[in-house]
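Taking it in order: structure first as C-alpha cells, then the write-up.
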Amino acid sequence: MKQEWKELDTPTLILDGQILLKNIRKMSDFAKDNKVNLRPHIKTHKSVEIAKLQLEHGAIGITTAKLEEAEVMARAGIKDILVAYPVSSPAKIERIIALLDQEVNLKITVDSLEQVKLLQKALEKTSHSLEVWIKVNSGLNRCGVEPGERTVELAKAIILLSRLRIGGIFTHAGHSYGARGEEELEEIALAEADAVVKSAEACEKAGIPILVRSVGSTPTYRISGLVDGITEVRPGNAVFFDSIQVGLGVADRADCALTVLASVVGVYEGRIVLDAGSKTLCLDKGAHGLDSVKGYGYVVDHPELTIERLSEEHGVANFKESCDLRLNDKVRIIPNHACTVANMFEEYVVVEGEHVVDKWKVDARGMRK
C-alpha cells in the first residue's frame, strides 16, 4: 500500500512529480518552438535524476555553479557541462584538468586576461585544450567583462593562446529578481540579450567567430531567448518555481513543484509554531532587492498565516483573526527561494497526488567549491 505524504515525518522536502514534469516540458517546448538550445542550470535542484530528466526532454547539456557540482554530474555520466563561474585558483584548475581527463565536454567561464593566462599555463603541462566562454556583465554588476570593446579585447587575447578556444559568450541577468513589474523585467531581459548579441557581433567583426550566444535567468529567458542572435537559454529555478517567482509574476503558485512539509508544534494566541525554521526554509525574503514576498514562505491553503519569524528549528506564523490548525497538523509551505531550501535536504520525497512514489537524492547538496 502506497504511503501518503500526510503520513511522513517532518520537516520533509516534497516534490510534486507531475508539476516538475510540466515545468521541464515548458522549458523544452520554449527552446524547440524558438529554435534555441536549452542548457538548464542544475544549482536549483542539484539532482542527477532531475538533470537526466531535463536531458531526456531536450536539454543539450547542463550548467553548474561550481566545479563540485560538475564533478558530481560527470560521475553520473553527464558530460556536456558549462561551469558558469570564473575559475582561477591552481587547485581548481587541477580539477578542471581531471575532468578533461575523463573526457567531459567542459566549458569554463572566463572574464579576465589574468585568469586566461593562468589556465593556459596550467594546460601547457597537459595534452588538453579547453573551451572557454566569455561572461559579459549585463547589469548585475557581479562577475563579467564589460560588453562590447572590452569583450573583444579579451577574445583577441584568448585566440592567441594555444590551449584555449572560445566557445561562446554568455551572461546572467540576476538583477531581474529585483524587477518592479513587467515593464522593468522586459527592459532587463532585452538588455541581457543585447549585451551578448552586440559583444558577439563585435567579436565577429574582428574576425573571431562566436557560435554560442547564451542567456539565462528564469525571470527573463522567455523574453531574452526570443531576441535574434541568441542561440541558447539557461533557466534554473523554472524547474521548481517558488514564492519569489510568484512575486515577480513569472509563475503561479500552482506551478510550484517544491514544498516543505511541516508540523504544528505549538498553538498560541495569535500564532502557531511550525517545526520548519531557518535550517529548513532559509532566510531569503527576496533576491537583489525584490520585496514582493511576505514572510519566509507561503503556507498552502492557509492564507491567513504569515511566517514572520524563524529561528533554527522554529517557524513562527502569525494570524490576525483565527486559524483552524491544531497541534500535530501538517502543512505544506512553498519556499521563498527553492534553490537554497533544496540545499538543506538530503532527498526529495516525490509525490503524485496524495501518494509517495519515489525518493531522489539531492546529489550535489552542499557543493561549495
Side-chain angles (χ1 to χ4, degrees), residues 37-42 51 55 59-137 143-145 147 149-172 196 199-216 230-232 234 367 369:
N37 289 326
L38 174 65
R39 183 182 295 279
H41 208 313
I42 63 89
L55 292 167
I60 64 160
I62 63 169
T63 305
T64 72
K66 292 299 183 75
L67 273 175
E68 274 190 304
E69 292 174 344
E71 289 161 345
V72 168
M73 295 294 149
R75 284 196 294 271
I78 297 171
K79 298 296 187 179
D80 196 318
I81 303 172
L82 165 68
V83 179
Y85 198 96
V87 178
S88 58
S89 75
K92 287 183 171 60
I93 293 174
E94 287 302 311
R95 288 162 56 201
I96 288 172
I97 292 168
L99 285 168
L100 295 174
D101 287 339
Q102 299 166 42
E103 298 185 349
V104 175
N105 184 5
L106 194 64
K107 303 97 165 60
I108 292 293
T109 297
V110 296
D111 66 357
S112 74
L113 179 59
E114 184 178 8
Q115 180 200 6
V116 298
K117 286 181 176 179
L118 289 168
L119 289 168
Q120 167 71 17
K121 185 176 180 181
L123 286 163
E124 285 173 352
K125 301 173 185 176
T126 76
S127 60
H128 297 298
S129 64
L130 177 65
E131 182 173 337
V132 295
W133 287 20
I134 299 174
K135 184 169 189 176
V136 298
N137 177 23
C143 295
V145 66
E149 188 55 38
R150 294 285 181 88
T151 304
V152 175
E153 289 172 7
L154 182 58
K156 285 180 176 178
I158 293 169
I159 63 172
L160 296 177
L161 299 173
S162 61
R163 297 304 179 90
L164 302 183
R165 62 187 186 279
I166 300 173
I169 291 177
F170 79 108
T171 193
H172 171 60
V196 170
S199 296
E201 289 175 347
C203 286
E204 295 197 327
K205 190 176 287 185
I208 305 168
I210 304 295
L211 296 180
V212 181
R213 302 155 185 217
S214 179
V215 291
I230 293 299
T231 66
E232 181 184 276
R234 306 184 325 279
M367 301 301 173
K369 295 180 182 177

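Please read these numbers as outputs of a predicted model, since none were measured by experiment. Quick note: residue numbers are just sequence positions, from 1.
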Drop me the distance from Ile96's CD1 to Ser89's OG, to the nearest 0.5 angstrom. 8.5 Å
Less than 4.5 Å apart, any side-chain heavy atom of Arg39 and any of Val212? no
Given Thr63, Ile62, Leu82, the one that forms side-chain contact (heavy atoms from CB on, under 4.5 Å) with His41: Thr63
Could you check if a side-chain atom of Leu119 sits within less than 4.5 angstrom of a side-chain atom of Arg163, using non-hydrogen atoms only? no
Arg150 atom CZ: more than 12 heavy-atom contacts under 6.0 Å: no
Check step by step if side chain to side chain contact (heavy atoms under 4.5 Å, CB included) holds for Lys66 and Glu71. CA-CA 9 Å; Lys66 292 299 183 75; Glu71 289 161 345; over 6 Å; no
Given side chains that start at C-beta, do those of Val132 and Val116 come closer than 4.5 Å, heavy atoms only? no
Return the NE2 to OG distance between His172 and Ser214, rounded to the nearest 0.5 Å. 11.5 Å
Exam field: side chain Glu94 to backbone Pro90, donor-acceptor pair closer than 3.5 Å: no
Quick check: are there more than 12 heavy atoms from other residues, nucleotides or ligands sitting under 6.0 Å from NZ of Lys79? yes
Check the pair Leu99, Gln102 against side chain to side chain contact (heavy atoms under 4.5 Å, CB included), reporting the backbone distance first and the verdict last. CA-CA 5 Å; Leu99 285 168; Gln102 299 166 42; 4.2 Å; yes
Can you confirm whether Thr231 sits close enough to Arg213 that some side-chain heavy atom of one is under 4.5 Å from a side-chain heavy atom of the other? yes
Hey, what do you get for CG (Leu130) to CG (Leu161), rounding to the nearest 0.5 Å? 11.0 Å
For Lys369, does its backbone N or O pair with a side-chain atom of Glu68 as donor and acceptor, under 3.5 Å? yes
When rounded to the nearest 0.5 Å, the distance separating OG of Ser112 from NZ of Lys135 is 13.0 Å
Pro40 and Gly61 have their tightest heavy-atom pair at CD-O, 3.4 Å
Heavy-atom distance under 4.5 Å between the side chains of Val72 and Arg75, does that happen here? yes
Residues Lys107, Glu131: salt bridge by 4.0 Å N-O rule: yes
Minimum heavy-atom distance Ile81-Ala70, with the two atoms named: CD1-O, 3.6 Å
Smallest separation among heavy atoms of Leu113 and Ala157, with atom names: CD1-CB, 3.5 Å
Beyond-backbone contact of Ile158 with Ile134, side-chain heavy atoms, under 4.5 angstrom: yes
Compare all side-chain heavy atoms of Arg165 with those of Ser129 and state whether any distance is below 4.5 angstrom. yes
Roughly how far, to the nearest 0.5 Å, is the OH atom of Tyr85 from the CG atom of Leu67? 10.5 Å
Heavy atoms only: give me the nearest Cys143-Asp111 pair and the separation to one decimal. CB-OD2, 3.7 Å
Looking only at heavy atoms, what is the nearest atom pair of Val196 and Thr171, with distance? CG2-CG2, 3.5 Å
Atom of Ile78, atom of Ala51 and distance for their closest heavy-atom approach: CD1-CB, 3.7 Å
To the nearest 0.5 Å, what is the distance between CG (Leu106) and CD1 (Ile97)? 11.0 Å
